[in-house]
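Inspection log for the structure reproduced underneath, given as structure tokens.
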Amino acid sequence: MRCRSHFIWILSLVLISPSAPTLAEVQRFRLIPDESQIVTKIKDPFGGIVNGALRVRQGEARGDIDRLQEVGSVSLVIDTMSYNSNIGLRDQDVQEYYLEVQQYPVIRFDSAGIQKIERPQSPEDAWQITVRGRLELHGVQRDVIVPLRLLYQRNKIRAQGNFRFVLEDFNIRVPTLLFLKAGNQVDVEFRIVGEHQP
């Protein structure tokens, strides 16, 4: 009887002990538009590469370093009217006839999960992460897989990566010039910077 009461006393101490491990709080990062950028690359009708930049309007990333696969998430809103290839007439055509910015003023990305994580060897090295998400472009939603490198430095995160999509998958016409068609595949490179929020 005495042994049993001693066991119950020890068990109660373990259960109510303030040193019992708790889950870390999920950290939130607000994305910084002026430090973030999306760059697109597509072949023009003559085989050259056209680079265009898009501005991230807003976004947020959440995560806990010990439970990243469970709770990590990111959402982005990209301004279609910000498309800029440094050639005014081409930019106007892309905005008006292909992106149709009056009808579709934003591009959205919302993560749906993390498929793969490779932890860095040291805090100075980048995490290798593969994110699964949904891209909404030109009124069409498609699932995409996005590999990226993530650095955590002081109170900021920096993510860089790239992926590819097909214009026709999003009901975007392939640009033409004098009956010559441009490329149908768009390569996207991104740099996203977020600042820790209290």
Side-chain angles (χ1 to χ4, degrees), residues 29-63 72-116 129-150 157-194:
F29 296 84
R30 187 184 72 242
L31 302 187
I32 307 172
D34 289 342
E35 296 184 33
S36 304
Q37 188 178 52
I38 311 290
V39 175
T40 62
K41 298 176 182 289
I42 187 171
K43 285 186 180 178
D44 68 20
F46 303 106
I49 300 296
V50 176
N51 294 318
L54 288 158
R55 180 177 171 83
V56 180
R57 181 186 290 182
Q58 65 187 48
E60 183 177 83
R62 292 174 177 263
S73 68
V74 63
S75 62
L76 298 173
V77 178
I78 300 158
D79 185 358
T80 57
M81 291 191 72
S82 68
Y83 179 84
N84 179 15
S85 68
N86 292 319
I87 298 181
L89 288 176
R90 176 167 58 204
D91 296 345
Q92 188 175 339
D93 282 350
V94 168
Q95 292 170 9
E96 187 174 346
Y97 299 114
Y98 301 104
L99 292 176
E100 298 182 90
V101 298
Q102 295 301 325
Q103 189 174 355
Y104 308 108
V106 298
I107 301 166
R108 296 181 184 276
F109 175 81
D110 292 293
S111 65
I114 296 177
Q115 285 192 334
K116 184 180 177 184
I129 301 174
T130 303
V131 177
R132 177 173 47 88
R134 178 147 288 203
L135 179 65
E136 181 180 340
L137 167 61
H138 200 245
V140 177
Q141 293 186 354
R142 297 279 185 187
D143 291 334
V144 293
I145 302 296
V146 182
L148 58 88
R149 297 173 68 251
L150 180 70
I157 56 169
R158 302 176 190 276
Q160 289 182 290
N162 57 75
F163 68 99
R164 175 179 288 177
F165 70 88
V166 176
L167 290 175
E168 291 174 338
D169 287 347
F170 292 90
N171 295 335
I172 298 175
R173 292 183 298 126
V174 177
T176 59
L177 180 64
L178 303 175
F179 306 105
L180 296 173
K181 278 194 171 186
N184 189 24
Q185 292 185 332
V186 179
D187 289 314
V188 179
E189 297 177 359
F190 59 87
R191 180 184 72 249
I192 304 296
V193 181

For [X], give me all partners under salt bridge (Lys or Arg N to Asp or Glu O under 4.0 Å), at least two apart in sequence or on another chain.
| X | answer |
| --- | --- |
| Lys116 | Glu118 |
| Arg134 | Asp143 |
| Asp187 | Arg164 |
| Glu96 | none |

For [X], give me all partners under side chain to side chain contact (heavy atoms under 4.5 Å, CB included), at least two apart in sequence or on another chain.
| X | result |
| --- | --- |
| Asn184 | Val166, Leu167, Glu168, Val174 |
| Leu150 | Trp127, Ile129, Leu148, Ile157, Ala159 |
| Arg30 | Glu195, Gln197 |

Once side chain to side chain donor-acceptor pair (under 3.5 Å) is applied, do any residues pair with [X], and if so which ones, sequence neighbours excluded?
| X | value |
| --- | --- |
| Arg149 | none |
| Ser85 | Arg90, Asp91 |
| Asn162 | none |

Original post:
Are Val106 and Asp79 close enough, and set up right, to give a side chain to side chain contact (heavy atoms under 4.5 Å, CB included), and what steps lead you there?
Top reply: CA-CA 5 Å; Val106 298; Asp79 185 358; 5.5 Å; no
Original post:
Is it true that a side-chain atom of Thr130 and a backbone atom of Pro147 form a donor plus acceptor pair closer than 3.5 Å?
Top reply: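 Not a single qualifying donor-acceptor pair exists.
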Original post:
So, Arg191 side chain and Arg158 main chain: donor-acceptor pair closer than 3.5 Å or not?
Top reply: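 Here the side-chain-to-backbone pair does not exist.
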N/O donor to acceptor pairs below 3.5 angstrom from side-chain atoms of residues 108-115, sequence neighbours left out:
from: Ser111; atom 1: OG; to: Val74; atom 2: N; distance (Å): 2.9
from: Ser111; atom 1: OG; to: Val74; atom 2: O; distance (Å): 3.3

**OP:** State, with a plain yes or no, whether a side-chain heavy atom of Thr80 is found less than 4.5 Å away from one of Tyr104.
**Re:**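 The answer is no; the side chains never approach within 4.5 Å.
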Original post:
With ring centroids as reference points, do His138 and Phe170 lie under 6.0 angstrom apart?
Top reply: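 Between Phe170 and His138, which both carry aromatic rings, the centre distance is not below 6.0 Å.
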Subject >> Ile49 atom CD1, over 12 foreign heavy atoms within 6.0 Å >> reply: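 Atom CD1 in Ile49 is crowded, with more than 12 foreign heavy atoms closer than 6.0 Å.
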Got a list of side-chain donor-acceptor pairs under 3.5 Å for residues 52-60, not counting sequence neighbours?
from: Arg55; atom 1: NH1; to: Asp34; atom 2: OD1; distance (Å): 3.1
from: Arg55; atom 1: NH2; to: Asp34; atom 2: OD1; distance (Å): 3.1
from: Glu60; atom 1: OE1; to: Arg62; atom 2: NE; distance (Å): 2.9
from: Glu60; atom 1: OE1; to: Arg62; atom 2: NH2; distance (Å): 3.3
from: Glu60; atom 1: OE2; to: Arg28; atom 2: NH1; distance (Å): 2.9

**OP:** Take Leu76 and Ile192 through the side chain to side chain contact (heavy atoms under 4.5 Å, CB included) test and state the conclusion after the steps.
**Re:** CA-CA 10 Å; Leu76 298 173; Ile192 304 296; 4.2 Å; yes
